[in-house]
There are 2 protein chains.
Amino acid sequence: MSYSSLKSIAKKLQISESTVSRALNDYKDISKTTKELVNETVLKMGYQPNVFARRLASGNAECLGFIIPWRDGQLNDPFLGELMAGMTSALNIKGWDLKVLVAKSLEEEMQLFKKLSVSKSVSGLIISRTLWNDKRFKLLKDLKIPFVAHGRSKSCDDSAWLDIDNEAAFYDMTNHFISLGHKKIAHIGGPSIYNFSIQREVGWRKALLEKGLSVSSKYFQVAELSFEGGMKAMNELLKLKSPPTSVCCVSDTVAVGAMQSLRNHNIYPGKEISLIGYDGLALGAWMEPQLSTMEHSLQSVGRKLAEMLIKLVEGRKKPTELQKLFSASILRRSTDNPPMAE
Amino acid sequence: MSYSSLKSIAKKLQISESTVSRALNDYKDISKTTKELVNETVLKMGYQPNVFARRLASGNAECLGFIIPWRDGQLNDPFLGELMAGMTSALNIKGWDLKVLVAKSLEEEMQLFKKLSVSKSVSGLIISRTLWNDKRFKLLKDLKIPFVAHGRSKSCDDSAWLDIDNEAAFYDMTNHFISLGHKKIAHIGGPSIYNFSIQREVGWRKALLEKGLSVSSKYFQVAELSFEGGMKAMNELLKLKSPPTSVCCVSDTVAVGAMQSLRNHNIYPGKEISLIGYDGLALGAWMEPQLSTMEHSLQSVGRKLAEMLIKLVEGRKKPTELQKLFSASILRRSTDNPPMAE
DNA sequence: ATCTTTAACGAAATCGCTTTCGGAGTCAAC
DNA sequence: GTTGACTCCGAAAGCGATTTCGTTAAAGAT
């Protein structure tokens with residue numbers, strides 16, 4: 001068992017190496033019987049092709065690069081594991097690798113792209129945290145590196161992307177508040193450099209407009225995507241003469257910060273003021289009260305991202321054919337309730 | 001710039017390919033002047049060797065495999081990013097890759113090892129979440145796959161490992177409570193299959209013994225490593241006639257669960273009952289009150305793990321020379337305070 | 001002046017697989 | 001019986017490095 005190469009199974013079957021190789025790669029000029037024969041003995045001998053030889057010969061790195069999403073130099077994304085697990089599940093089928101890359105800023109990331117484009121050590125890239133005006137799209141196109149973006153951008157119509165329908169999520173979230181009887185619905189949004197910040201705001205705005213509710217700019221706060229950001233934003237909302245009765249938060253982290261602000265003001269989240277976060281983080285359930293949120297399957301997202309990129313690399317699809325919208329659904333816990341009687 | 005190979009820079013310099021190769025790899029039978037010349041033009045031409053060709057020829061995969069730590073099939077480790085960032089920072093220097101692997105159970109992981117040992121697609125592995133009696137150590141040794149364990153095991157004296165000094169951490173934590181004036185100090189530990197669970201319990205026990213405090217088995221609870229686990233364990237402690245005034249928690253997650261239990265019993269964490277967690281999670285600071293904890297640098301751990309494994313793979317060190325103990329230090333937030341007067 | 005070292009380099013095999021190209025058969029058609 | 005189409009397979013040239021082995025020329029020893 002120790003070790004086996006193409007040559008060894010060619011010798012065993014008394015056929016040429018090239019026939020074995022083509023049989024394994026399912027070429028159409030190999031008879032069905034030989035293919036079966038080859039596959040049998042390959043299984044029996046426990047043969048696994050040398051990936052480096054294959055990659056060298058075929059010119060395909062068979063490797064997807066995933067740049068870990070950075071956030072102000074911090075890399076503590078709780079859903080990284082799920083996402084990568086989803087990716088590898090798709091890659092394992094093809095025997096491809098997932099290579100982890102790290103960049104601590106946009107500049108560093110773009111520098112990395114250039115390196116990768118000459119070393120050709122990855123077949124394609126998955127990028128995250130897309131900006132509204134994201135220079136990476138053009139750069140990757142210029143470098144001719146196939147890629148799928150996790151999230152959209154201002155102009156990404158000709159690229160491959162997978163996104164959550166942020167607009168729909170916040171449209172639904174806002175309508176949920178409306179159906180609970182809320183009329184004063186605020187939004188704590190993220191920095192507008194991020195594409196998702198804008199989409200989420202649009203969803204919130206759209207729902208309010210449709211129902212004829214006021215869309216006061218006072219009910220819209222921009223926050224850093226952090227606990228502190230959420231806290232500060234909520235502080236501002238509480239300064240209003242007529243504070244909102246419910247708040248749509250751009251992320252769970254921000255929502256948790258907002259909850260802290262409420263506590264500091266002796267306001268119980270979900271009673272005087274309702275709020276819903278976004279991301280479906282488990283830690284939301286560890287809060288008192290438990291944070292309601294919008295969730296979606298990260299494993300599915302990861303798997304789909306990888307599948308799309310594989311198709312792109314293999315040329316089976318064009319970027320424009322690879323655009324997929326997932327949707328988030330509300331996870332009711334304890335912070336979304338009807339408004340209190342005034 | 002487009003593309004350059006060994007051949008192209010050999011031609012440019014009018015020397016042979018093999019000389020160029022040996023110059024780049026710093027062979028001693030190449031003159032200093034040629035080496036400088038080669039390095040210059042390599043830089044000038046932006047040459048990057050084809051990693052697959054090199055890996056094929058040299059037989060070194062130049063790739064470390066990291067198995068994402070699973071936890072009851074869940075993969076939501078918040079420090080994954082930091083850890084991997086540390087690893088890649090060490091790997092980048094050598095031009096090696098970090099390959100992410102996923103296994104959802106111990107069996108699946110061991111199956112994966114066998115596959116990797118025949119495919120030889122990684123030069124070494126980093127394993128996590130070591131058990132007290134961990135079969136992986138023997139298996140990897142038998143398969144002759146170089147590896148470094150993140151965490152120790154019952155018998156790991158002849159393997160490479162990097163661990164946090166769990167015993168010292170909990171010894172310090174317990175002594176910290178003692179110095180604050182506590183006498184009734186409980187411990188919520190993890191399942192005893194994990195090596196760290198045992199070490200942490202030992203540290204707690206040792207501190208109590210040294211100061212002549214009672215080590216009642218009632219003050220020791222085993223919990224699942226989850227929010228619910230922590231909550232249940234604390235519930236048990238509160239049933240005691242004489243509940244503890246402070247609790248050493250095996251992890252932040254468990255500690256947060258314990259806090260919830262306290263709240264359910266109308267006990268304010270850090271007043272009637274103090275508690276300290278472990279892991280240094282950011283979310284601890286999002287709690288009310290903020291959870292005190294033990295922290296250490298995950299980036300350093302990641303980097304060191306990778307460095308150790310590289311040395312091991314290159315044969316520069318033996319496993320027994322690669323055993324490193326990091327230490328955690330207390331991060332005081334708001335849940336560690338002197339006991340209240342009775 | 002001859003012999004042995006030593007330093008520095010080139011030639012060529014090798015790593016294990018992919019892929020193009022061409023050749024050998026078989027069969028039907030004219 | 002020649003032609004053509006089709007099926008199936010082998011030979012051989014890569015892919016882009018590494019590494020062993022041998023060679024040359026200069027330096028040092030006797």
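So that the names make sense, note that chain A is the first sequence line, chain B the second, and so on, each numbered from 1.
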Quiz item: At under 4.0 Å, does any side-chain N or O of Ser16(A) touch on OP1 or OP2 of dG10(D)?
Solution: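 So the side-chain polar atoms of Ser16(A) do come within 4.0 Å of the phosphate oxygens OP1 or OP2 of dG10(D), strictly under.
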Exercise. Would you tell me if any nitrogen or oxygen in the side chain of Tyr47(B) comes within less than 4.0 Å of OP1 or OP2 on dG16(D)?
Key: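 For dG16(D), neither OP1 nor OP2 has a side-chain N or O of Tyr47(B) closer than 4.0 Å.
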Exercise. Report the residue from Trp161(B), Phe147(B), Phe113(B) that forms a ring pair (Phe, Tyr, Trp, His ring centres under 6.0 Å) with Phe137(B).
Key: Phe147(B)
Self-check item: Toward the 5' end of DNA chain D, by each residue's nearest nucleotide, Gln48(B) or Val20(A)
Solution: Val20(A)
Could you state the atom-to-atom distance from [atom1] of [X] to [atom2] of [N] in whole Å?
X: Lys120(A); N: dA17(D); atom1: NZ; atom2: P; answer: 13 Å
X: Arg55(A); N: dT19(C); atom1: CZ; atom2: C1'; answer: 19 Å
X: Leu56(B); N: dG14(D); atom1: CG; atom2: P; answer: 17 Å
X: Lys7(A); N: dT18(C); atom1: NZ; atom2: C1'; answer: 15 Å
X: Leu13(B); N: dA8(C); atom1: CG; atom2: C1'; answer: 15 Å
X: Asn60(A); N: dC15(D); atom1: CG; atom2: C1'; answer: 13 Å
X: Leu24(A); N: dT18(C); atom1: CG; atom2: P; answer: 8 Å
X: Lys11(B); N: dG16(D); atom1: NZ; atom2: C1'; answer: 14 Å

Practice problem: Could you tell me whether Asp97(A) and Lys99(A) make a salt bridge, using a distance below 4.0 angstrom between a side-chain N and a carboxylate O? | Solution: no
Quiz prompt | Test: Glu307(A) and Lys324(A) ion pair at under 4.0 Å | solution =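 No, this pair does not count.
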Quiz item: Can you find a pair of side-chain heavy atoms, one from Leu13(B) and one from Thr19(B), that are under 4.5 Å apart?
Solution: no
Quiz item: Which is true for Ser21(B) with a 4.0 Å heavy-atom rule: it touches a base, it touches only sugar-phosphate, or it touches nothing?
Solution: base
Self-check item: Sugar-phosphate only, base, or nothing, as touched by Arg22(B) at under 4.0 Å among non-hydrogen atoms
Solution: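 Base contact.
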Per [X] side chain, nearest of listed nucleotides [options]:
X: Pro49(B); options: dC17(C), dA17(D), dA11(D); value: dA17(D)
X: Leu6(B); options: dG16(D), dT18(D), dC17(C); value: dT18(D)
X: Ala57(B); options: dG10(D), dA17(D), dG16(C); value: dA17(D)
X: Arg54(A); options: dT19(D), dG16(D), dT18(C); value: dT18(C)
X: Ser18(A); options: dT19(D), dT19(C), dG16(C); value: dT19(C)

Quiz prompt | Lys154(B), NZ: over 12 other non-hydrogen atoms inside 6.0 angstrom | solution =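 Correct, the count exceeds 12.
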Exercise. Scan residues 25-41 of chain A against DNA chain C and write down, sorted by residue number, each residue with any heavy atom closer than 4.0 Å; if none is found, say none.
Key: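 Those residues are Asn25(A), Tyr27(A).
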Quiz item: Hey, what do you get for CZ (Phe52(A)) to CG (Asn60(B)), rounding to the nearest 0.5 Å?
Solution: 8.5 Å
Quiz item: Which distance, rounded to the nearest 0.5 Å, do you find between the CG of Leu125(A) and the CG of Leu309(A)?
Solution: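 Going from the CG atom of Leu125(A) to the CG atom of Leu309(A) covers 7.5 Å.
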Self-check item: Global bending angle along the helix from dA1(C)-dT30(D) to dC30(C)-dG1(D), which compares the axes of five pairs at either end, to 10 degrees
Solution: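 Inter-axis angle at the termini of the helix from dA1(C)-dT30(D) to dC30(C)-dG1(D): 60°.
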Exercise. In sequence, state the C-alpha distance, the side-chain angles, and the governing distance for Val102(A) and Asn92(B), and then conclude on side-chain contact (heavy atoms from CB on, under 4.5 Å).
Key: CA-CA 10 Å; Val102(A) 174; Asn92(B) 276 339; 5.9 Å; no
Quiz item: Regarding Ser153(B) and Asn195(B), is there a side-chain donor-to-acceptor distance under 3.5 Å anywhere?
Solution: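 Ser153(B) vs Asn195(B): no donor-acceptor pair found between side chains.
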Quiz item: Looking only at atom types and distance, does a side-chain atom of Ser21(A) sit under 3.5 Å from a main-chain N or O of Glu17(A), one as donor and one as acceptor?
Solution: no
